[in-house]
Structure formats: C-alpha cells, structure tokens
Q: 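Dumping the structure here so I can ask a few things about it.
Just so it is clear: chains get the letters A, B, ... in the order the sequence lines come, proteins before strands, and each one is counted from 1.
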Protein chains: 2
Amino acid sequence: MSVPPDRRLIFLLNAGQRRVQRWIEGKMAAKGGLTAAQSGVLFFLGDQNGALIGEAADALDLAPSAMTGLIDRMTRAELVERRADPKDGRAMRLYLTDKGRTAREAAKAGLDGINAHLTEGFTDEEIGVVARWLSSLQTKFPKGDS
Amino acid sequence: MSVPPDRRLIFLLNAGQRRVQRWIEGKMAAKGGLTAAQSGVLFFLGDQNGALIGEAADALDLAPSAMTGLIDRMTRAELVERRADPKDGRAMRLYLTDKGRTAREAAKAGLDGINAHLTEGFTDEEIGVVARWLSSLQTKFPKGDS
DNA sequence: GTTTGACATTTCGCACGCGAAACATAGTCT
DNA sequence: AGACTATGTTTCGCGTGCGAAATGTCAAAC
C-alpha cells in the first residue's frame, strides 16, 4: 500500500509470480513433492522425451546452468534420467522414468486447477490482454540485454 | 512453443517475471550493483525510514526470513543500517545510510524507465486489466494456502 | 513475581536461477 | 593431421525466497 505508484506493476508482477509458485508447490507437495520448475520439465519431456538439456532449457526459458541443477535434483528424485547421446559425445538426452511419468499424470490435474484459478473472474478478452502483455515482456526485456 | 496450452499463462508469468528481474539487475549493475529486491527495500525505506524489519517484509510481501538475508546483504553493502528499537528489545529498525539514499536516487530514474517499458504498447485500460489480474493473484493464491 | 503466550527476528537447510569460466567433444579450415 | 572455433554441459559463487525451528523479549494473567 505504501509502495509508490511507479513501482506498482513491477511489484505486482514479482509478488504475483511468487505467490502462484509457492501455492503450486504447496499443492504439489501433497502429491509427491514436485516443485513448479520440476513440473515444467516433466511436461516438456512428456512431449519431447529424449530432448537435449539445452533444448529443455530453451523451451522453459532457463539458463543451461539452471537446467543442470534442476535435472540433478530430478535425477536424485528418480523422475528423470540422463543418457549420453550416442552420436554426440557432448550431449545429454533426457528421459522420463516410470516414476516421472506417473508424477506427470498426477501433476496434470493440479495444473488444470491452477489454470482455472488463474483465469477465474476474467473474460476471455481480458485474459487475452494479460497473455499478450506477459508475452510482450519476452521481447521487451530480451535475454542478451543492454 | 511446445508448451501445452494449459501451462501457458503460468509459464508466461514465471518467465516474464524472471526476464524483467534480470533486466533490472543488468541495468542497475552498471549504476552501483543494486538488485531488484534491494531497490524495493530502498524505495520502501524512502517512505518509511525507521520501519521494522517485519513491516518491510509485509510491504514487499516477503517472508521475514527472506528479509533478514536481504538486509544482511544490504548492510554489508552499507546501503542500510539496523538499529535496535529503544522501546522494544525484540525489534530492529531500518535506516537508510547516506550511500543508501544516493543509491535510491540513482535507482529511481532506472525504475521509471522500466515502468515505461512495462506499459509500452498498451492502452491505459489494458494496463488496468493487467494490474487487476496481477492483483487478483494475491487473493486467489493466499499466503497461508490450502 | 512467575508463568504463559504472543511477537520480532534470526538461523538453518533447501530449491531456484543467473553469469562467468571451465571442460569436453564436434566440426571446420588449411 | 593440426589448429581454431563452435557447441553442449557442468562447476562455481552469488543473490533470492521459502518454511520450520530456535532465540530473545514483551505483556498479560495468575
């Protein structure tokens, strides 16, 4: 409330993201200890099993180094497996384990609920505006910044 | 692109927040090494110098334990000072140092630029919708979740 | 006055994410 | 073949944020 108006949007974005993130982790914690970031990997691999680590990082808009740690933790949790690419000695391919596949299914229902919550109380047009605004951030604040 | 539609909004929110955050830190890094979180504290203290740590945490929607670390780093950078409250032996009051005040001024211009960037290409009504949506997250995903 | 409970802050261990630098392998150019 | 560059991944050190448990202090009830 005492936050000056010129920080409003940036503040709301920051706080909102954290709220949703924690809420997801709270929900998921009950259903297997998944975190939001890990669910992202699970969903991506659901479509692209066997993808490179770099491809996953791109798809989730993460730095490769962030993906390394994420995969480490998920490997430890046996949700995912790293296998060397037979063609390219540098590359690592990611595969869902059975446990990962199961977790993915369990998470899907949760995610649907989240999405409903996210759009609740807003018309389709309004959600469209929001989506457009959020997308615009990607181009307005590019990775290799200035 | 390969992200399933039911993850779209949540993904955009997550990625967008990170983009903006990193962009700010890139900008600020040139001008004194401030981070986004630290600027938040600086702005808050600009209005409420001498506030309790808990009050700052509330205002920035952070867990108290997160504020402790943040203040630790800012104290180390001499942006801020902790002084024991004379009336209440438990409480710590936060004060801007001269360096902190200077940094706050330097940051202000940067923040204005960010804000302009954030709203660029959208009408006032559209920004209103976005702000309303972001605000709604606070109530839809409350702290003490379920 | 002591106990009891509320409150402010800190400590701890964890997950997340970044950038820079280090590696290792691949591919290319000569 | 040998040097050079590009690419995929990892390592390192850092900042950020959380929740749970610990600490110290206050305040009210007994």
Side-chain angles (χ1 to χ4, degrees), chain A residues 14-29 33-41 51-58 60-77 79 82-94 141-145, chain B residues 14-30 33-41 51-58 60-77 79 82-94 141 143-145:
Chain A
N14 195 333
Q17 190 272 341
R18 271 183 298 114
R19 283 292 183 96
V20 177
Q21 205 83 358
R22 297 310 152 193
W23 197 83
I24 291 179
E25 299 188 1
K27 279 288 177 211
M28 298 295 195
L34 275 188
T35 69
Q38 296 180 7
S39 320
V41 176
L52 297 179
I53 287 189
E55 289 169 349
D58 271 0
L60 301 178
D61 197 41
L62 289 181
S65 58
M67 189 53 77
T68 294
L70 192 47
I71 298 302
D72 282 350
R73 290 183 293 272
M74 293 181 74
T75 301
R76 222 175 297 136
L79 296 166
R82 254 190 271 244
R83 292 185 219 153
D85 184 315
K87 309 277 187 185
D88 188 335
R90 301 164 293 180
M92 285 295 189
R93 300 209 166 265
L94 295 174
F141 302 91
K143 270 180 164 167
D145 81 324
Chain B
N14 196 335
Q17 190 271 341
R18 272 183 298 113
R19 283 291 184 96
V20 177
Q21 204 82 359
R22 297 308 151 194
W23 199 83
I24 292 179
E25 299 186 2
K27 279 289 177 210
M28 298 296 194
L34 273 189
T35 68
Q38 295 179 8
S39 321
V41 176
L52 297 179
I53 288 188
E55 289 169 348
D58 271 0
L60 301 178
D61 198 41
L62 291 181
S65 59
M67 189 53 76
T68 294
L70 191 47
I71 298 302
D72 282 350
R73 289 183 293 271
M74 294 182 72
T75 301
R76 221 175 297 138
L79 296 167
R82 256 189 268 243
R83 292 185 219 153
D85 185 314
K87 310 276 186 186
D88 187 336
R90 301 164 293 181
M92 285 295 188
R93 300 208 167 264
L94 295 175
F141 302 90
K143 272 181 161 168
D145 81 325

Q: Look at the side-chain N and O atoms of B/Arg18 and state whether any lies under 4.0 Å from the OP1 or OP2 oxygen of C/dC18.
A: yes
Q: Mind checking whether A/Lys143 and A/Asp61 have side chains closer than 4.5 Å, heavy atoms only?
A: yes
Q: In whole Å, what is the span from the CE atom of A/Met92 to the P atom of C/dA24?
A: 13 Å
Q: Does D/dG19 have its OP1 or OP2 closer than 4.0 Å to a side-chain nitrogen or oxygen of A/Arg22?
A: no
Q: Rounded off to whole Å, could you give me the CZ-to-C1' distance for the B/Arg19 and C/dG17 pair?
A: 13 Å
Q: Can you tell me how far P of C/dG17 sits from CG of B/Asn14, to the nearest Å?
A: 6 Å
Q: If you assign A/Lys87 and A/Asp61 each to the DNA chain C nucleotide with the nearest heavy atom, which residue ends up on the more 5' nucleotide?
A: A/Asp61
Q: Starting at CG of B/Leu60 and ending at P of D/dC18, how long is that distance when rounded to a whole Å?
A: 11 Å
Q: Going from CD1 on B/Ile24 to CG on A/Asn14, what distance comes out if it is rounded to the nearest 0.5 angstrom?
A: 8.0 Å
Q: What is the distance, rounded to the nearest whole Å, between atom CZ of B/Arg73 and atom P of C/dT11?
A: 13 Å
Q: Expressed in angstrom and rounded to an integer, what is the separation of B/Ile24 atom CD1 from C/dG17 atom C1'?
A: 15 Å
Q: Tell me: CD1 of B/Ile71 to C1' of D/dG17, nearest whole Å?
A: 14 Å
Q: Ignoring backbone atoms, test whether B/Arg90 places a side-chain nitrogen or oxygen under 4.0 Å from the OP1 or OP2 oxygen of D/dT23.
A: no
Q: Given C/dC16, is OP1 or OP2 found less than 4.0 Å from the side-chain N or O atoms of A/Gln38?
A: yes
Q: Any side-chain heavy-atom pair from B/Asp88 and B/Leu52 closer than 4.5 angstrom?
A: no
Q: Tell me what A/Arg82 touches on the nucleic acid: a base, only sugar-phosphate, or nothing, going by heavy atoms under 4.0 Å.
A: sugar-phosphate
Q: Judged by each residue's nearest nucleotide on DNA chain D, which is more toward the 5′ side, B/Ser65 or B/Arg76?
A: B/Arg76
Q: Between A/Asp88 and A/Asp72, which has a closest nucleotide on DNA chain D that is more 5'?
A: A/Asp88
Q: Out of A/Leu70, A/Thr75, A/Thr68, which residue meets the side chain to side chain contact (heavy atoms under 4.5 Å, CB included) rule with A/Asp72?
A: A/Thr68
Q: Where is the tightest heavy-atom contact between A/Arg18 and B/Leu60, given as atom of each residue plus distance?
A: NH2-O, 3.5 Å
Q: Can you tell me how far P of C/dC16 sits from CD of A/Gln17, to the nearest Å?
A: 12 Å
Q: Hey, is the side chain of B/Thr35 pairing donor to acceptor with the base of D/dG15 inside 3.5 Å?
A: no
Q: Between D/dC18, D/dT9, C/dG17, which nucleotide has the shortest distance from any of its atoms to the side chain of A/Ala37?
A: C/dG17
